[in-house]
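Below: the structure, in structure tokens.
The model shown is predicted, which means the values in this text are computed figures rather than measured ones. So that the names make sense, note that chain A is the first sequence line, chain B the second, and so on, each numbered from 1.
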Amino acid sequence: MNESLDTTRIEASLSRAVRDVMAEMAFIDAEPRIHDPAEAGASWESRVAIDALKPISCRLELRSPASLIARIVDILFGDEAGADRNQGDSILEILNVMAGSFLADYYGPGAEIKLELPQYVYSSDGEEGEAIAVLDFDVEGLPLRATLSSIRYRY
Amino acid sequence: MDLGEVLIVDDSFTSRMIIQRCIEMAGFVVGGFRYAENGLDAIAEIREHPLISVIVTDINMPKMDGQTFLRLLKADPATASIPAIIVSSVVEGSNSELHSLGALAVIKKPVSPAKILEAFGGIA
């Protein structure tokens, strides 16, 4: 039920959430850039997604090359013990916070937000819903794509 | 200010480390950090380490979420007095419920030393 969504506001809220959370959690700049639908999928080695159940049902997905994840882990942990073992966790937590920030920004304070746990996506296999917004970012030379879509449930 | 032993409950390693760093950067003296990945593990950790004096917990976790954990924590006379601070990306609209469950403060992620300082200010 996304008919009443304001796409312009959605894109603005999502862009703010991506930029703010990348800056505040990963200490890295994410600059919006022109979306190129034809961009090679080969660079999207990492795909993580989180489903929101309230206030709307939607999925936020981040795609990036593995080198961006490695850079974030290096910034956060360096050579700290446990960093290698847990490096896949960093982008999941960033996505989790990003989704909460985006929904709070779009719906305002007081909105009840319910999120599923973030997870890696290994195959789309027709599970992707309808895209609501697709935003591309330049993260200090590396690409990052944020896609907000409807959720296609399987029953 | 000496916080004693702090238990950080979050299913994300990244989040646990960021919270720990923010507590340290906020200038608190900490006797030691302990960690749990969900509410169930947190209860076991508290039983095993009775010197835990402050709890910082996420809400959205597998096995046992933060709200259930907080409810059990405050229902047990042995642990009811331990201050609990909620740190979560989904606290909008549910703050009053969390406070009524006994949360001392609610912090919206991303966490920062300033947010930690403000939240921990309520600990006597």
Side-chain angles (χ1 to χ4, degrees), chain A residues 13 16-28 48 50-55 60 69 72-78 80-119, chain B residues 8-22 24-26 33-41 56-69 86-101 106-118:
Chain A
S13 290
R16 268 193 297 274
V18 172
R19 285 179 286 134
D20 290 352
V21 172
M22 291 299 279
E24 292 174 33
M25 287 188 71
F27 312 105
I28 197 166
V48 291
I50 187 168
D51 290 347
L53 305 178
K54 290 181 180 177
L60 179 58
I69 309 299
I72 289 171
V73 171
D74 187 49
I75 291 169
L76 286 176
F77 304 115
E80 200 167 297
D84 283 351
R85 184 163 43 90
N86 292 284
Q87 69 171 311
D89 165 89
S90 297
I91 193 69
L92 292 176
E93 180 61 10
I94 285 171
L95 175 64
N96 181 41
V97 177
M98 209 175 268
S101 295
F102 157 65
L103 291 168
D105 187 291
Y106 184 78
Y107 286 97
E112 185 180 358
I113 297 169
K114 186 161 179 57
L115 300 173
E116 297 276 25
L117 295 171
Q119 56 191 323
Chain B
I8 301 174
V9 190
D10 199 307
D11 55 317
S12 161
F13 170 83
T14 303
S15 188
R16 293 195 298 271
M17 291 302 103
I18 289 174
I19 291 167
Q20 175 177 328
R21 280 188 197 162
C22 287
E24 291 168 340
M25 288 166 71
F33 287 100
R34 301 205 173 273
Y35 313 97
E37 295 185 8
N38 55 66
L40 211 54
D41 291 349
V56 183
T57 181
D58 187 21
I59 290 290
N60 198 16
M61 296 179 288
K63 294 185 183 175
M64 181 189 287
D65 64 26
Q67 281 157 311
T68 306
F69 166 56
I86 304 292
V87 175
S88 178
S89 59
V90 292
V91 294
E92 304 287 335
S94 52
N95 292 11
S96 58
E97 185 193 346
L98 295 169
H99 283 297
S100 71
L101 286 174
V106 179
I107 298 174
K108 187 176 185 311
K109 290 179 180 178
V111 186
S112 68
K115 288 179 182 177
I116 288 285
L117 198 58
E118 186 181 352

Give, for atom [atom1] of [X] and atom [atom2] of [Y], the distance between the pair rounded to the nearest 0.5 Å.
X: Ile94(A); Y: Thr14(B); atom1: CD1; atom2: OG1; result: 7.0 Å
X: Ile113(A); Y: Ile59(B); atom1: CD1; atom2: CD1; result: 13.0 Å
X: Glu24(A); Y: Ile18(B); atom1: CD; atom2: CD1; result: 11.0 Å

Can Lys109(B) and Ser101(A) be said to form a side-chain contact (heavy atoms from CB on, under 4.5 Å), step by step? CA-CA 8 Å; Lys109(B) 290 179 180 178; Ser101(A) 295; over 6 Å; no
Enclosure of Lys114(A) NZ (heavy-atom neighbours >12, cutoff 6.0 Å):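 Count not over threshold, so no.
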Test Leu117(A) against Asp11(B) for side-chain contact (heavy atoms from CB on, under 4.5 Å), laying out the working first. CA-CA 10 Å; Leu117(A) 295 171; Asp11(B) 55 317; 3.9 Å; yes
Interchain contact, Leu92(A) with chain B, by part (heavy-atom threshold 4.5 Å):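 Interface part for Leu92(A): neither.
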Between Asn96(A) and Ser89(B) (side chain of the first, backbone of the second, donor and acceptor by atom type, cut-off under 3.5 Å), is there such a pair?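 Flag not set: sc Asn96(A) to bb Ser89(B) has no pair under 3.5 Å.
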